[in-house]
Amino acid sequence: MAIVTGTPPTAGETDGSTPISALRDLALASAAPAALRAAIQVGIADALGDAPTPVGALATSLGVNPEVLGRLLLNLRSYGVFAETPDGIVHTPVSRLLREDNPQSLRYWVLWVTEQWVWELWPDLEQAVRTGRGHFEERYGTGFFAHLHSTSRESTEIFNRSQTELSRLTSAAIAQALDLSDVKTFADVGGGRGYTLATLLDANPHLHGTLVDLPAAVAQPDPRLRPDGSLASRSSVMAGNCLEKIPVDVDVYQFKSILEWDDDLTVTALKNAAAAGHPGSRILMITNLVDDSPEIRYATGIDLLFLLNTNGRRHTKKGVTELVRRAGLQLDGVTPVGSLLHVVETTVTG
Ligand SMILES: C[S@@+](CC[C@H](N)C(=O)[O-])C[C@H]1O[C@@H](n2cnc3c(N)ncnc32)[C@H](O)[C@@H]1O
């Protein structure tokens, strides 16, 4: 009998599943984000406390159908979201992240990536593969941020909260990594509601910071940046469009998780920062580079979503370097910050 050796395991064989079961699981994986969204919307994670709770009692407290709730939980439990004990359903570390009161909550981020009009972009992937670009404007008649801010206040709120959730996970590492000791003035451009800016100002008591973002984002800034907030005397909040003009001349401009849209827009925003600043001003891009990402499914999934929503991308180190060159900036370095982000440091020359 011939013995076949040296055949590498294929996808699905390494974790004990067969290729057939792996492919079936993958093709139906959209049940999972749908189940996560439904779980958040009916409030399972917030209703479930520390005590095990039978599905029936949980259904009664939520006012939902007990049989379908059980089926929903069965799917989620297969991914480690909630668990079952003899006494009822309990939280897992993953399901706790759906609770609104968890400091590491990703509740609004999950709602954001499963928002109906965002979800409806996925079928456009085939067309994007054929044409090499996203087709958001053809579908929705306007650009991504204009649509976000006009389609519904609820969507805008979910998006802004989701960005604050992500910032809560990374701001401490950014504050630790950035040496701002010789910097007097700082602007966070596209800084959302200003959670990261406020964290940087708290960590650098000598620093003055300006939050610049579109009107819908700065309408409700972080409480610390408001007129009665703890950082009011060292901060300003400005509505501004970085694709037109950046309204402040500062020592350091930060763009965090914003320059991942169309490459031409990124170059425009960087040039506008250089025009607003002065020779020696530094421009920092803080971004999740896709090369060697430790969370490759997250990085590549977001990369495809960016393609569909802003004709954007997750950058590679080489790609980001090219954008800096196109903007006429001096590249000073690319350094990891925390486990997922990189800071691309540049300087405005002459
Ligand atoms: C992905 S969010 C990142 C927010 C924040 N920097 C963070 O990391 O949490 C992108 C931000 O860019 C802002 N933005 C989009 N277009 C902009 C523009 N033309 N000018 C200024 N800000 C813009 C959005 O309102 C949003 O707050």
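Atoms within a ligand are numbered from 1 in the order they appear, just like the ligands themselves. If you're wondering where the values come from, they're calculated on a predicted model, not measured in any experiment.
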Neighbour count >12 (heavy atoms, 6.0 Å) for atom CZ, Arg133: yes
Could you give the N/O to N/O pairs under 3.5 Å linking ligand 1 and the protein, each with its distance?
{"unit_1": "ligand 1", "atom_1": "6 (N)", "unit_2": "Gly190", "atom_2": "O", "d": "2.7"}
{"unit_1": "ligand 1", "atom_1": "6 (N)", "unit_2": "Lys256", "atom_2": "O", "d": "2.7"}
{"unit_1": "ligand 1", "atom_1": "8 (O)", "unit_2": "Lys256", "atom_2": "O", "d": "3.4"}
{"unit_1": "ligand 1", "atom_1": "8 (O)", "unit_2": "Lys256", "atom_2": "NZ", "d": "2.6"}
{"unit_1": "ligand 1", "atom_1": "9 (O)", "unit_2": "Gln163", "atom_2": "O", "d": "3.4"}
{"unit_1": "ligand 1", "atom_1": "9 (O)", "unit_2": "Ser167", "atom_2": "OG", "d": "2.7"}
{"unit_1": "ligand 1", "atom_1": "19 (N)", "unit_2": "Asn241", "atom_2": "OD1", "d": "2.7"}
{"unit_1": "ligand 1", "atom_1": "20 (N)", "unit_2": "Cys242", "atom_2": "N", "d": "2.9"}
{"unit_1": "ligand 1", "atom_1": "25 (O)", "unit_2": "Asp213", "atom_2": "OD1", "d": "2.6"}
{"unit_1": "ligand 1", "atom_1": "27 (O)", "unit_2": "Asp213", "atom_2": "OD2", "d": "2.7"}

Contacts of type side-chain hydrogen bond (donor to acceptor under 3.5 Å, both in side chains), residue Thr114, not counting sequence neighbours: Arg37
Other cluster members, Phe186 - Ile/Leu/Val/Met/Phe/Trp/Tyr, side-chain contacts below 4.5 Å: Ile174, Leu178, Leu180, Val183, Leu197, Leu200, Leu201, Leu207, Leu211, Val218, Leu225, Leu231, Val237, Val252, Leu284, Ile286, Val337, Leu341, Val343
For Leu97, the rest of its hydrophobic cluster, which grows through side-chain links under 4.5 angstrom: none
Separation between CZ of Phe306 and CZ of Arg313, rounded to the nearest 0.5 Å: 12.0 Å
Residues Asp46, Arg107: salt bridge by 4.0 Å N-O rule: yes
